[in-house]
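All values reported here derive from a predicted model rather than from experimental measurement. We name chains A, B, ... by the order of the sequence lines, and we start the count at 1 in each one.
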Number of protein chains: 4
Amino acid sequence: MQVLDPLKRLKILDVAAALFAAQPFHKVLLSDVAEAAGVGKGTLYVYFKNKDDLYLSVLYNGFCQLIDQLQQKVDQNQQSPLENLQTVVREIVRFACQNPYLYELMRSVPWCQVTDNALWNGKRTELRALIEAIICRGVALGEFEDPHPELTARFIPHLVRSVMMDRELSSTPETISAHILRFACAALVPKPLDRM
Amino acid sequence: MQVLDPLKRLKILDVAAALFAAQPFHKVLLSDVAEAAGVGKGTLYVYFKNKDDLYLSVLYNGFCQLIDQLQQKVDQNQQSPLENLQTVVREIVRFACQNPYLYELMRSVPWCQVTDNALWNGKRTELRALIEAIICRGVALGEFEDPHPELTARFIPHLVRSVMMDRELSSTPETISAHILRFACAALVPKPLDRM
Amino acid sequence: MQVLDPLKRLKILDVAAALFAAQPFHKVLLSDVAEAAGVGKGTLYVYFKNKDDLYLSVLYNGFCQLIDQLQQKVDQNQQSPLENLQTVVREIVRFACQNPYLYELMRSVPWCQVTDNALWNGKRTELRALIEAIICRGVALGEFEDPHPELTARFIPHLVRSVMMDRELSSTPETISAHILRFACAALVPKPLDRM
Amino acid sequence: MQVLDPLKRLKILDVAAALFAAQPFHKVLLSDVAEAAGVGKGTLYVYFKNKDDLYLSVLYNGFCQLIDQLQQKVDQNQQSPLENLQTVVREIVRFACQNPYLYELMRSVPWCQVTDNALWNGKRTELRALIEAIICRGVALGEFEDPHPELTARFIPHLVRSVMMDRELSSTPETISAHILRFACAALVPKPLDRM
DNA sequence: TATGAATGAGGATTCATTCAT
DNA sequence: TATGAATGAATCCTCATTCAT
């Protein structure tokens, strides 16, 4: 869809993200979204097919942002797999702290049946692949040891979420990152003597 | 609330769990719940105050079931913390496999603002406490090593969910339990040489 | 569709017929229909799928009524084809005068795409067939003379409509019937001898 | 209203006639009209006050066209009332075959309450008057016999429409004209002597 | 107690119309 | 003049909830 004013579209996505994450879908009124975005109710329908489409676009947009940021950070500087992993965890935690609502939203498989569901799953896979690639590289270089990198790759984002879910903790991003990393590295980094 | 037919109540909770887990709250119609449970729409209001109450009861019921099963298994036989942890993980995985909808549902922070929200959250805390207690006991006995048992306790249920979420893997409960345990133990069980 | 209270359904159809005929479709508000029928807005949706369905049901209902009345009158008493034709014209005029709105509505092929469109066309055909049968019987008995009974059959209802359309005439039903009959008989009844 | 590009105005009227005739008023979107006419939505408001005005203009335009053609043909050559009637019927049928949508549209009483409704209805009256005049002249000359010329005048256009409405017949304009004329003349032309 | 017909507040969506360009 | 993005009033429709039976 050729979009008229991309900035207006982003503005809408932005305020919608905050609203959708703060309340369940059915409590978010499009009139609230419109008002918060400073546009008319009808304008929402110029940029999005309907409420479901808006919701989905919010999720997709957030996903893309996160992956782009990760990819950029990982590609940017030549780092070891361990450093990469640290970077990824820190970035995810940072993103989750900055966009707690959005990150929580991204948890679930979207229930709206849209035509480009494939596109969607593609992004999901992309994130997993990005993490898995780091682990695999680590295994190849002998830095990591992991019989199931694809499982571990799935764990990482969930570990972040598990901590984010209970906001009353008010742990700092650093504490969270550190604990997750400790957790992940314990499983990945081979030790002089085997255990278990 | 003194209820006349506890079995009918459970039947309703059961089908509601399946429906709530498969779709977001607002797509679950009470008429669907009633039909699936084989009762009249009005009957739902005999057993539950309203839709929010039904939703919350489903969650509460789920936590009670899971915790009861866990507590029973843990108390039952005198075991070491490590064995306890293994038991807990296996039981959670088993529960999640048997009640995939319910377990998936239990993930979320409840957004309904009802009076007995606290009661509800109490159960979630209870589950965490149960796991945390095992870890703390392990630390006390020198079997485990963990600077943040309360964080680790939060991780466990989410690790299970992270694997459950992608059903296409078709991993067996055993595989899942094993990988999660490997992961958790790596972080908890001290090794001859420290790292990090 | 098994209908709950057939009388309520008829009541709704009745007031809806008046409203739909007095104004174009888009000016008829369902809230007006509900109020006029003395029921809640939601009740309309218990008896009809949506606004289009209600509109269509009004038309269909009117059609059925008219045809039933005609069939009854024609079957009732043993009459000659000419007498039958007179009866039919008088009945149509009477119906049109009693239900001017409804009759005007029935003019057009319904534009709502409904599943039982066939059912609909069936009724339309039924009316034509009823009239055509009378003409054909007349031709067979030598009372009428008509190379195209199927065309003539189509004319009759339109002749009525043509007169009904301009209400300011305030001709009596009798005048209208008489003129239409004179018109039709002139074309149908063979003459060496004058008639009427 | 002084209009800059009369051809663009006609183009709009043309496509609007087709759309209005094919669907009820409320299903015709101005965006559809604009697109079909190859102009911008705003342009419609340059040539017409609003949607109602466009609709009315379509009808008015149609009547003007038809009446102009008829008047011209009737005035053109000195003819007997019977010949005039034949000309009129043939011309109406021709017009209806060439502008089936427009003609079908002209059937209805206009429901828009606009100020120049009168102007509009005047044109309809004009058409009736034109036909009535022919019949009256015939009666005056003793060629016709009709107690209610004003009723008969109303019949003619509707007879045409009644045949046009069912396109599956695929009768030629000639067949249609012939049957209508047979019908009309039967009622109008006095006989001891055979007619046509 | 169990029911489901009736309800109407609430919210998504449409589309004629405007106006800055 | 021509445009089409933006608008919001208008209205259809949903669905949780009630209550007479």
Side-chain angles (χ1 to χ4, degrees), chain A residues 2-5 8-9 25-35 37-54, chain B residues 2-5 8 25-35 37-55, chain C residues 2-5 8-9 25-35 37-54, chain D residues 2-5 8 25-35 37-55:
Chain A
Q2 171 76 350
V3 163
L4 321 171
D5 182 348
K8 188 170 286 186
R9 190 186 132 91
F25 185 86
H26 72 284
K27 295 224 169 172
V28 175
L29 308 192
L30 288 194
S31 50
D32 291 346
V33 176
E35 192 180 18
V39 300
K41 246 183 304 176
T43 308
L44 299 181
Y45 288 84
V46 173
Y47 290 89
F48 304 94
K49 197 147 41 68
N50 50 34
K51 192 178 175 182
D52 278 11
D53 184 39
L54 172 59
Chain B
Q2 180 71 355
V3 168
L4 290 202
D5 185 349
K8 189 173 281 186
F25 186 82
H26 74 282
K27 293 228 170 171
V28 175
L29 310 189
L30 288 194
S31 52
D32 291 345
V33 175
E35 190 181 20
V39 301
K41 241 186 312 175
T43 308
L44 299 181
Y45 287 83
V46 174
Y47 291 89
F48 304 95
K49 196 147 43 75
N50 52 32
K51 191 179 178 183
D52 280 8
D53 184 41
L54 172 59
Y55 180 79
Chain C
Q2 170 76 351
V3 163
L4 321 172
D5 182 349
K8 186 169 286 185
R9 190 186 130 92
F25 185 86
H26 72 286
K27 295 223 170 174
V28 175
L29 307 192
L30 289 193
S31 50
D32 292 344
V33 175
E35 192 180 19
V39 300
K41 246 181 308 173
T43 307
L44 299 181
Y45 288 85
V46 174
Y47 291 89
F48 304 94
K49 200 147 40 71
N50 51 33
K51 192 178 177 184
D52 278 11
D53 184 39
L54 173 60
Chain D
Q2 180 72 354
V3 167
L4 291 201
D5 185 348
K8 190 172 283 187
F25 187 81
H26 75 283
K27 293 227 170 172
V28 176
L29 309 190
L30 288 193
S31 52
D32 291 344
V33 175
E35 190 182 20
V39 301
K41 242 186 312 176
T43 308
L44 299 181
Y45 286 83
V46 174
Y47 290 89
F48 304 95
K49 195 146 44 72
N50 52 31
K51 192 179 177 182
D52 280 8
D53 183 40
L54 172 59
Y55 180 79

Can you label the angle between the B/Phe25 ring and the B/Tyr55 ring as parallel, tilted or perpendicular, going by 30° and 60°?
perpendicular
From F/dA6, E/dA5, F/dC12, pick the nucleotide closest to the side chain of C/Leu30?
F/dC12
d(CG, C/Leu29; P, E/dG8) in whole Å
17 Å
Taking any heavy-atom pair under 4.0 Å as a contact, classify B/Val33: base, sugar-phosphate, or nothing.
nothing
What nucleotide among E/dT3, E/dA6, F/dA6 has an atom nearest to a side-chain atom of A/Thr43?
F/dA6
Taking CG from A/Leu44 and C1' from F/dA6, how many angstroms apart are they, rounded to a whole number?
11 Å
Over how many whole Å does the gap from A/Arg9 atom CZ to F/dA6 atom P extend?
13 Å
Derivation of the side-chain contact (heavy atoms from CB on, under 4.5 Å) call for D/Lys8 and D/Val46
CA-CA 11 Å; D/Lys8 190 172 283 187; D/Val46 174; over 6 Å; no
Secondary-structure stems for DNA chain E, with pairs counted as Watson-Crick or G-U when both distances are under 3.5 Å and runs at least 3 long:
E:2-21 with F:2-21
Pull out every protein N or O sitting under 3.5 Å from an N or O of nucleotides 18-21 of chain F, one pair per line with the distance.
none

Whole angstrom is fine here: how far is it from CG in D/Leu4 over to C1' in F/dT3?
15 Å
Tell me whether the NZ or CZ atom of B/Lys51 lies within the 45° cone about the ring axis of B/Tyr45 and under 6.0 Å from its centre.
no
The side chain of B/Val46 is closest to which nucleotide in this list: F/dT3, E/dA16, E/dT1?
E/dT1
Of all the heavy-atom pairs spanning C/Leu30 and C/Lys41, show the shortest one and how long it is.
O-CG, 4.4 Å
Tell me the interatomic distance from A/Phe25, atom CZ, to F/dC15, atom P, rounded to whole angstroms.
12 Å
If you apply the rule side-chain contact (heavy atoms from CB on, under 4.5 Å), what do you find for C/Tyr47 with C/Leu54, and how did you get there?
CA-CA 8 Å; C/Tyr47 291 89; C/Leu54 173 60; over 6 Å; no
Rounded off to whole Å, could you give me the NZ-to-P distance for the A/Lys51 and F/dT14 pair?
15 Å
If the threshold is 4.0 Å, N to carboxylate O, is there a salt bridge linking C/Lys27 and C/Asp32?
no
Expressed in angstrom and rounded to an integer, what is the separation of C/Glu35 atom CD from F/dC12 atom P?
14 Å
Distance in angstrom units between D/Asp53 CG and E/dA16 P, rounded:
14 Å
Using a cut-off of less than 4.0 Å, is there contact between a side-chain N or O of A/Lys8 and OP1 or OP2 of F/dA6?
yes
Output the single nucleotide from E/dA2, F/dT7, F/dA2 whose closest atom is nearest the side chain of A/Val39.
F/dT7
Heavy-atom check, side chain of A/Leu4 versus side chain of A/Arg9, under 4.5 Å:
no
Relative to the 5' end of DNA chain F, which residue comes earlier, A/Gly40 or C/Ser31, by the nucleotide with the nearest heavy atom?
A/Gly40
